[in-house]
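Residue numbers start from 1 in every chain, and the chains themselves are labelled A, B, ... in the order their sequence lines are given, proteins ahead of strands.
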Amino acid sequence: MATPSTSANLGAAFAPMSARRVLIFGGIALIVGGMLFGDLFAVFVLHQNGGQTGEALLAASRAVAMGNPLAVKESFAQIGGLLEDHGTKVDTHVHMTDAGYLALLLALLQPYVALSTKSKRQLAWLFVAGGVLLPTGIFLIHYVGLAYSFSSVIGWASVLADSAGTLLILVLIVEAWGLWKYLREKVPVCEPELPPDRSWERRVLLSGGSLLILLGFLHGAWYAAVDLYEHEARETRILNSILDSATDGQGGSTMAVADYGSLAAERAVKIAAHSHLIEFGLLAILLSFVQSYVYLADAWKRRWVIVLLAGSLLLPVFVLLELKMGLLAGGMADLGGLMVIAALMAMLVGVLRQTGSLDATNGVRP
Amino acid sequence: MSPARKILVVGGLALAAFGMLYGLHYALFVEHQTLDGMGGSLTNAFVHAAERDIPQSHVAVDAYSRRKYVYVRQVDVHSHWIGLAMLLIVFGVVFDRVAFAERTRVLIAIALLVGSILFPLGVLLQASIRGPIPSALAITGSALVIVSLLFTTWGFVRQDG
């Protein structure tokens, strides 16, 4: 097993309850939480929600065929609720993981933020609190709605989410001001920089992460050039087709509604593959910086790096294949997500062991 | 901190703050109204069809499509500005490991920053300005990001070797 890194530099760079420690723990925990939420959403909500939306759209087209505007409105009220349910859950997943990425980023920048240690620690706690409250508020939007609200448009859950978002922005602005002070006044680095690390794990995560981001961008550019406008035009065609079929009395709207569902699925998997490739690439690069804090045997550190990168590629590739391979590909994509979560948890455990070791060496009381 | 790293870190932080402010403004003042408008147009399309007013039904579908076109781009801008900002900051921390001369690194950093600003800006302008200029901006911006990413990845791999 690798010896715990007990150099003075590592200990000073990862002092107990320092801003960096709070941000690294908080960041990884937020990313794990966001990814777990995303995996649970994909398994238990996504497909069921899509199926219910399709059924509601079919009911709306039948109401059109029967010439019943009231039933149309009821169906669309149901579709609105389903879309809000879907949208807020996707946003919860995205905002929780993104807040985690930002927390890890801020942890890397701490040596260059010219503020007092106490201020940096308070900012770190505020950022993690905002990172938890923002997705919590977004998640609650669908359930709280406009209950007891002061507004006819925005409910209390939205207020919570917007307030947490404002908190994150304020923390970011103060951190940027600290960075500006450092750059302008040319003060020495305020705390030890990250220990220099040329390990295999760090190099592979850096190169692999950059490659994943590049793949994600190329895929996104391909999607924008080839699919985006075609999808938009096809959606309009299909909607007109649903309405025409429903009113001509020949009963072709079921097929058109199925086409609409297929289009929604095609669009969703292509966007999900694009965004997950880039997010996992970013995650790999961010995790390359914390490898010196991961107190695990070298062989296990390498294994978890490979598991993370393999899962990062497996998920988007099989998400894309879902249209051709169906549930099998969906299962493989979920497995990819679980591999990333497992690797993240293992690294988090490694960081926890490192802090325990450092604190014990330095005689820090729990 | 080297000039290339400064460009990436300061540019990234500014872009992240700007992207978040845009997102906050959008969530408070635009999104709910846009979503209501989209939902309303689609409902109207079906209601008109149920009333056998087919021309009005198609008009409502077109209105829905236009609103969705704008909505998709406005949301994409928010997520792409923040995503690219995070990428800039991350690269800013580690850019000294990109195995090129500092002058080349500065050029890559500038290309990455300019591309990160232009690409979402072009997408945003697509929602409000007709013609080829917004698309040209978006394509130029994304090309700058992709080419500078290629060089960055190559620089990391060279460092590894």
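Only the side chain of A:Leu183 comes within contact range of chain B, with heavy atoms under 4.5 Å apart. With a 4.5 Å cut-off on non-hydrogen atoms, A:Leu228 touches chain B through its side chain but not through its backbone. Neither the backbone nor the side chain of B:Ile82 comes within contact range of chain A; no heavy atoms are under 4.5 Å apart. Only the side chain of A:Ile242 comes within less than 4.5 Å of a heavy atom of chain B; its backbone N, CA, C and O stay farther away. For chain A, no part of B:Asn44 is nearby; none of its heavy atoms comes within less than 4.5 Å. With a 4.5 Å cut-off on non-hydrogen atoms, B:Leu150 touches chain A through its backbone and its side chain both. Looking at B:Arg66, there are no atoms closer than 4.5 Å to chain A (heavy atoms on both sides), in backbone or side chain. A:Leu282 touches chain B through its side chain: at least one heavy atom from C-beta onward sits under 4.5 Å away, while N, CA, C and O do not. For A:His231, no part lies near chain B; criterion is any non-hydrogen pair under 4.5 Å. Heavy-atom distances place the side chain of A:Asp244, and not its backbone, under 4.5 Å from chain B. When heavy atoms are compared at a cutoff of 4.5 Å, A:Leu109 approaches chain B solely by way of its side chain, counted from C-beta outward. Contacts of A:Ala60 with chain B are made by both backbone and side-chain atoms, with heavy-atom separations under 4.5 Å. Using a 4.5 Å cut-off between heavy atoms, B:Ala16 contacts chain A through both its backbone and its side chain. Only the backbone of A:Asn68 comes within less than 4.5 Å of a heavy atom of chain B; no side-chain atom from C-beta onward does. Interface remark: A:Ser275 contributes no atoms to any contact with chain B (heavy atom separation under 4.5 Å). Looking at B:Ser142, neither its backbone nor its side chain comes within 4.5 Å of chain A, counting heavy atoms on both sides. Heavy-atom distances place no part of A:Ala225 under 4.5 Å from chain B, backbone and side chain included. Contacts between B:Ala138 and chain A at a heavy-atom distance below 4.5 Å are absent for every atom of the residue. Proximity to chain B (any heavy atom under 4.5 Å) is shown, for A:Leu214, by both the backbone and the side chain.
Residues B:Ser116 and B:Leu88 have side chains in contact (heavy-atom distance under 4.5 Å, counting atoms from C-beta outward). Between B:Val61 and A:Leu243, some side-chain heavy-atom pair lies under the 4.5 Å cut-off. Side-chain contact between A:Glu279 and A:Tyr101: present, with at least one pair of heavy atoms (C-beta onward) separated by less than 4.5 Å. Here the side chains of B:Asp53 and B:Pro55 are in contact, with some heavy-atom distance below 4.5 Å. Under the 4.5 Å side-chain criterion, counting only non-hydrogen atoms from C-beta, A:Ser75 is not in contact with A:Leu57. Under the 4.5 Å side-chain criterion, counting only non-hydrogen atoms from C-beta, A:Arg234 is not in contact with A:Arg267. Side chains of B:Leu84 and B:Pro120 form a contact here, defined as non-hydrogen atoms less than 4.5 Å apart.
At least one donor-acceptor pair closer than 3.5 Å links the side chain of B:Arg105 to the backbone N or O of B:Phe100. Within the 3.5 Å criterion, the main-chain N or O of B:Gly131 finds no donor-acceptor partner in the side chain of B:Ser135. The backbone N or O of A:Val204 lies less than 3.5 Å from no partner atom in the side chain of A:Ser207, so there is not a single donor-acceptor pair. Looking at A:Gln110, its side chain does come within 3.5 Å of a backbone N or O of A:Leu106 through a donor-acceptor pair.
Chain B forms the most heavy-atom pairs under 4.5 Å with one residue out of A:Leu218, A:Leu102, A:Ile271, and that residue is A:Leu102. Note: A:Asn240 leads A:Ile79, A:Val94, A:Asn240, A:Leu239 in heavy-atom pairs under 4.5 Å with chain B. Highest contact tally toward chain B, considering only A:Leu286, A:Ile173, A:Ile213, is held by A:Ile213 [criterion: heavy-atom pairs under 4.5 Å]. Counting heavy-atom pairs under 4.5 Å between each of B:Ala85, B:Ala143, B:Ala50 and chain A puts B:Ala50 at the top. Among B:Leu87, B:Thr43, B:Val9, B:Leu13, the residue making the largest number of heavy-atom pairs under 4.5 Å with chain A is B:Thr43. Looking only at heavy-atom pairs under 4.5 Å with chain A, the residue among B:Arg52, B:Lys68, B:Lys6 that has the most is B:Arg52. Contact count against chain A (heavy-atom pairs under 4.5 Å) is highest for B:Val94 among B:Val123, B:Thr152, B:Val94. Of the residues considered (A:Ile169, A:Leu104, A:Leu172), A:Ile169 shows the highest number of contacts with chain B, using heavy-atom pairs under 4.5 Å.
In summary, the side chains of A:Ser199 and A:Gln291 do not present any donor paired with an acceptor at a separation below 3.5 Å, with no hydrogens or angles considered. A:Glu235 and B:Tyr64 share a donor-acceptor pair across their side chains, judged by distance under 3.5 Å alone.
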What do the steps show when you test A:Glu232 against B:Tyr69 for side chain to side chain donor-acceptor pair (under 3.5 Å), and what is the final call? CA-CA 8 Å; A:Glu232 286 174 342; B:Tyr69 176 91; 5.9 Å; no

A:Thr236 vs B:Asp62, test: side chain to side chain donor-acceptor pair (under 3.5 Å). Steps then yes/no. CA-CA 7 Å; A:Thr236 307; B:Asp62 288 342; 5.7 Å; no

Start with the C-alpha distance between B:Ile54 and A:Thr247, add both sets of side-chain angles, then the distance that settles side-chain contact (heavy atoms from CB on, under 4.5 Å), and finish with yes or no. CA-CA 8 Å; B:Ile54 303 304; A:Thr247 49; 3.6 Å; yes

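Classification of the A:His274-A:Phe217 ring pair by plane angle, with boundaries at 30° and 60°, yields perpendicular. Taking the six-membered ring for Trp and thresholds of 30 and 60 degrees, B:Phe91 and B:Phe156 have ring planes inclined between 30 and 60 degrees apart.
Because its NZ or CZ atom is not both nearer than 6.0 Å to the ring centre of A:Tyr260 and within 45° of the ring axis, A:Arg237 does not count as a cation-pi partner of that residue.
Below 4.5 Å, heavy atoms of chain A meet heavy atoms from B:Leu24, B:Ala27, B:Leu28, B:His32, all part of residues 23-33 of chain B.
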